[in-house]
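Report on one structure; see the data block that follows.
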Amino acid sequence: MNKSEIRKKLLKARKLNNNKNLVVKFSNIVKILKKEKVKRKIIGGYYPYNHEVDSIQILNKFEKLGYQISLPKIKKNNQMDFLYWSTKEPLSINKYGIPEPSSDQIVYPSILLIPLVAFDNHLNRIGYGGGYYDRYIKKVKKNKKIILIGLAYSFQKVKKIPANKYDMKLDFIVTDKNFI
């Protein structure tokens, strides 16, 4: 299957399985951060959209632990930045219907929680096809170390993702069952 076929199949499966109340274990993310000896407590998340894993619950817990929270904001030319956000602050809706921070304070996360449509055992991911995260990761990795953690449901795993030179591999993927 090509990326488009995988994306279509898994988006449908995610929509059908959304009522199962599957949850990614916060403790698995904490284990990763301890293993990686994360010093800078700036975490980038995302606002769940289209039946994605709910990262807001996770961000809420990190904020209570003293982490600085940020969410992406879409810019022109399929680019994005991460802007400071607190779970107590309102969000505005972008042109895709996704909530974004109203702040204009750009931050550079040391940990990035990334939504995905499909993944494989080689830490490859398929998103929606816009390349926003791939471009952002490539840009940021030039200047700093960033830990990339994909969040998914276990049923989103496929045998092999057809990756190309523009696709950025993740460091870890955490699901409702385990992490790789």
Side-chain angles (χ1 to χ4, degrees), residues 1 3-30 32-33 42-63 67 69-75 78-83 85-87 89-101 109 111-121 123-137 140 146-158 161 163 167-180:
M1 277 195 282
K3 284 184 183 180
S4 178
E5 292 166 330
I6 294 170
R7 185 178 295 115
K8 187 175 179 180
K9 180 181 175 187
L10 270 292
L11 283 172
K12 186 176 180 181
R14 197 167 67 186
K15 186 176 183 180
L16 292 172
N17 284 290
N18 196 44
N19 296 331
K20 290 188 176 178
N21 293 326
L22 302 173
V23 178
V24 166
K25 286 187 181 175
F26 178 73
S27 60
N28 283 338
I29 299 170
V30 171
I32 290 168
L33 300 185
I42 302 173
I43 190 161
Y46 60 89
Y47 198 92
Y49 171 79
N50 199 14
H51 311 288
E52 293 170 337
V53 169
D54 186 356
S55 68
I56 298 300
Q57 296 174 37
I58 295 165
L59 293 174
N60 215 342
K61 290 177 183 178
F62 275 117
E63 188 173 42
Y67 282 73
I69 306 299
S70 62
L71 291 177
K73 184 166 188 140
I74 303 299
K75 302 182 338 181
N78 290 351
Q79 300 290 321
M80 69 181 181
D81 280 325
F82 276 78
L83 303 178
W85 178 67
S86 167
T87 55
E89 295 175 3
L91 296 161
S92 55
I93 307 298
N94 71 16
K95 65 182 180 180
Y96 300 109
I98 303 169
E100 297 179 324
I111 308 131
L112 200 55
L113 302 178
I114 302 171
L116 47 94
V117 174
F119 68 96
D120 65 18
N121 271 336
L123 300 168
N124 293 306
R125 73 178 272 277
I126 292 179
Y128 291 110
Y132 289 93
Y133 278 92
D134 293 318
R135 276 188 291 284
Y136 181 79
I137 293 164
V140 172
I146 184 168
I147 297 170
L148 308 173
I149 304 172
L151 301 182
Y153 300 112
S154 55
F155 65 81
Q156 292 175 263
K157 182 178 175 183
V158 297
I161 301 270
D167 294 328
M168 302 299 290
K169 276 188 184 267
L170 301 175
D171 297 313
F172 301 93
I173 297 171
V174 181
T175 72
D176 50 293
K177 294 197 173 153
N178 57 11
F179 65 96
I180 55 173

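Below, all heavy atoms of this structure are taken into account, side chains as well, without hydrogens, waters or symmetry copies. Just so it is clear, the structure is predicted and the values come from calculations on it, not from any experiment.
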What's the verdict on salt bridge (charged side-chain N to carboxylate O under 4.0 Å, His left out) for K169 and D120, showing C-alpha distance, side-chain angles and the deciding distance? CA-CA 10 Å; K169 276 188 184 267; D120 65 18; 5.8 Å; no
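Atom CG in L10 sits 12.0 Å away from atom CD in E5 (nearest 0.5 Å).
Not a single donor-acceptor pair under 3.5 Å links the side chain of N78 to the backbone N or O of Y132. Under the 3.5 Å distance criterion, the side-chain polar atoms of E100 are matched with a main-chain donor or acceptor of I74. Checked by atom type and distance alone, the side chain of D171 never pairs as donor or acceptor with a backbone atom of I149 at under 3.5 Å. A distance-only check finds a donor-acceptor pair linking the side chain of D176 to the backbone of S154 [under 3.5 Å]. Of the possible polar contacts, one joining the S70 side chain to the I43 backbone as a donor-acceptor pair under 3.5 Å is found. Looking at T87, its side chain never comes within 3.5 Å of a backbone N or O of N60 through a donor-acceptor pair. Checked by atom type and distance alone, the side chain of R125 never pairs as donor or acceptor with a backbone atom of L170 at under 3.5 Å.
Taking a 6.0 Å sphere around NZ of K25, one finds it holds 12 or fewer heavy atoms contributed by other residues, nucleotides or ligands.
Annotation: side chain to side chain contact (heavy atoms under 4.5 Å, CB included) contacts of Y49 (sequence neighbours excluded): E52, I98, Y128. Qualifying side chain to side chain donor-acceptor pair (under 3.5 Å) partners for K75, counting only residues two or more places apart in sequence or in other chains: D81. In this structure S86 satisfies the side chain to side chain contact (heavy atoms under 4.5 Å, CB included) test together with E63, Y84, K88, E89, sequence neighbours excluded.
Using cut-offs of 30° and 60° for the angle between ring planes, the Y67 and F62 rings count as perpendicular.
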